Amino acid sequence: QVQLAESGGGVVQAGGSLRLSCSASERTVNKFNMGWLRQAPGKEREVVAAITWSAGLPYYLDSVKGRFTLSRDNANNMIYLQMNNLKPEDTGVYYCAVDITGQDFPRRYDYWGQGTQVTVSS
């Protein structure tokens, strides 16, 4: 079973930046599709950014395009989410996730981390 651990969340003012990190328990980031999801209070979890194991063009939620950048470090088995120009509507718990089966990219995932809270104040 893959274990994922997120870090880097926090409280930031609107317009600020945060960088989220995700470490995996085994060789994962260059073998499986990876994604960042978020869940705001009272809302369903949504996919914010994702990348295939072959590192094709990343997927981004429309509302974060141009502001968020997903990257990965295969050597260290990490993925990152650089978030710039943050807005209050970006507030939520952010989860790193892995898609083992490779079906229905970028919507389906098999394992998630415990999440890291991001709060953007206006």
Side-chain angles (χ1 to χ4, degrees):
Q1 182 174 350
V2 177
Q3 294 182 330
L4 304 168
E6 304 93 340
S7 61
V11 180
V12 64
Q13 288 188 335
S17 298
L18 285 173
R19 188 192 193 208
L20 305 184
S21 301
C22 172
S23 64
S25 61
E26 55 188 77
R27 287 294 173 190
T28 302
V29 298
N30 62 341
K31 291 176 58 177
F32 305 112
N33 301 336
M34 303 289 297
W36 284 99
L37 294 80
R38 72 184 177 194
Q39 187 163 21
K43 295 187 177 180
E44 293 187 354
R45 195 175 297 186
E46 61 183 353
V47 180
V48 175
I51 192 166
T52 62
W53 67 271
S54 59
L57 287 175
Y59 161 85
Y60 293 103
L61 185 68
D62 283 347
S63 62
V64 308
K65 286 180 179 178
R67 300 188 297 120
F68 289 13
T69 303
L70 185 156
S71 62
R72 69 185 200 187
D73 179 350
N74 292 342
N76 292 302
N77 215 29
M78 301 280 292
I79 65 168
Y80 304 95
L81 186 67
Q82 177 67 43
M83 306 186 295
N84 298 328
N85 190 22
L86 282 160
K87 303 177 181 181
E89 52 264 41
D90 295 319
T91 294
V93 179
Y94 282 69
Y95 300 90
C96 174
V98 60
D99 165 19
I100 301 295
T101 62
Q103 298 177 2
D104 201 21
F105 177 83
R107 288 177 289 272
R108 184 185 178 283
Y109 296 90
D110 301 285
Y111 298 104
W112 294 262
Q114 292 190 333
T116 184
Q117 176 71 44
V118 172
T119 303
V120 185
S121 62
S122 57

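Bear in mind the structure is a predicted one, so any value in this text is a computation, not a measurement.
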* To do: Tell me, please, which residues at least two apart from Gln117 pass side-chain contact (heavy atoms from CB on, under 4.5 Å).
  => Thr91, Val93, Thr119
* Asked: Between Tyr94 and Thr116, is any pair of side-chain heavy atoms under 4.5 Å apart?
  -> yes
* Consider only side-chain heavy atoms of I, L, V, M, F, W and Y, link residues closer than 4.5 Å, and tell whether Trp112 and Met34 are in one cluster. => yes
* Is Asn33 reaching over with its side chain to a backbone N or O of Trp53, donor-acceptor style, under 3.5 angstrom? -> yes
* Of all heavy-atom pairs between Glu6 and Gly113, which one has the smallest distance, and what is that distance? -> OE2-CA, 3.1 Å
* Not counting sequence neighbours, list each pair that qualifies as a salt bridge (Lys or Arg N to Asp or Glu O under 4.0 Å) and has a residue in residues 40-52. => Arg38-Glu46
* To do: Please identify each residue that fulfils side-chain contact (heavy atoms from CB on, under 4.5 Å) with Ser17, with sequence neighbours left out.
  => Gln82, Asn84
* Apply side-chain contact (heavy atoms from CB on, under 4.5 Å) to Asp104 and list each qualifying residue two or more places apart in sequence or on a separate chain. => Arg107, Arg108
* Closest approach of Trp36 to Leu81 (non-hydrogen atoms, all atoms of both residues) -> NE1-CB, 3.6 Å
* Between Met83 and Leu20, is any pair of side-chain heavy atoms under 4.5 Å apart? -> yes
* To do: Would you confirm whether Tyr60, through its side chain, and Leu70, through its main-chain N or O, come within 3.5 Å as a donor-acceptor pair?
  => yes
* Got a second to check how far Lys31's NZ is from Asn77's CG, nearest 0.5 Å? -> 9.5 Å
* Quick one: does Leu61's side chain get under 4.5 Å of Phe68's, heavy atoms only? -> no
* **Minimum heavy-atom distance between Tyr95 and Gln114, given as atom pair plus value** => CE2-O, 3.6 Å
* Quick one: closest heavy-atom pair of Ala97 and Leu37, and the distance? => CB-CD1, 3.6 Å
* Salt-bridge present (Asp62, Lys65; N to O < 4.0 Å) -> yes
* Structure fact -> Output for pair (Ser63 OG, Asp90 CG), nearest 0.5 Å, gives 7.0 Å
* Asked: Between Ala14 and Ser122, which heavy-atom pair has the shortest distance, and what is it?
  -> CB-CA, 4.4 Å
* Asked: To the nearest 0.5 Å, what is the distance between CG (Asp99) and CD1 (Ile51)?
  -> 13.0 Å
* To do: Could you note down all residue pairs passing disulfide bond (SG atoms under 2.5 Å apart) where residues 28-122 supplies at least one of them, sequence neighbours left out?
  => Cys22-Cys96
* Which heavy-atom pair separates Arg72 from Ile79 by the least distance, and what is that distance? -> CB-CG2, 3.6 Å
* To do: Check whether any side-chain N or O of Asp110 sits under 3.5 Å from a backbone N or O of Ile100 as a donor-acceptor pair, and report yes or no.
  => yes
* Taking the side chain as every heavy atom from C-beta outward, state whether Thr28 and Tyr111 have any atom pair closer than 4.5 Å. => no
* **Residues in side-chain contact (heavy atoms from CB on, under 4.5 Å) contact with Val12, at least two apart in sequence or another chain** => Leu18, Leu86, Val120
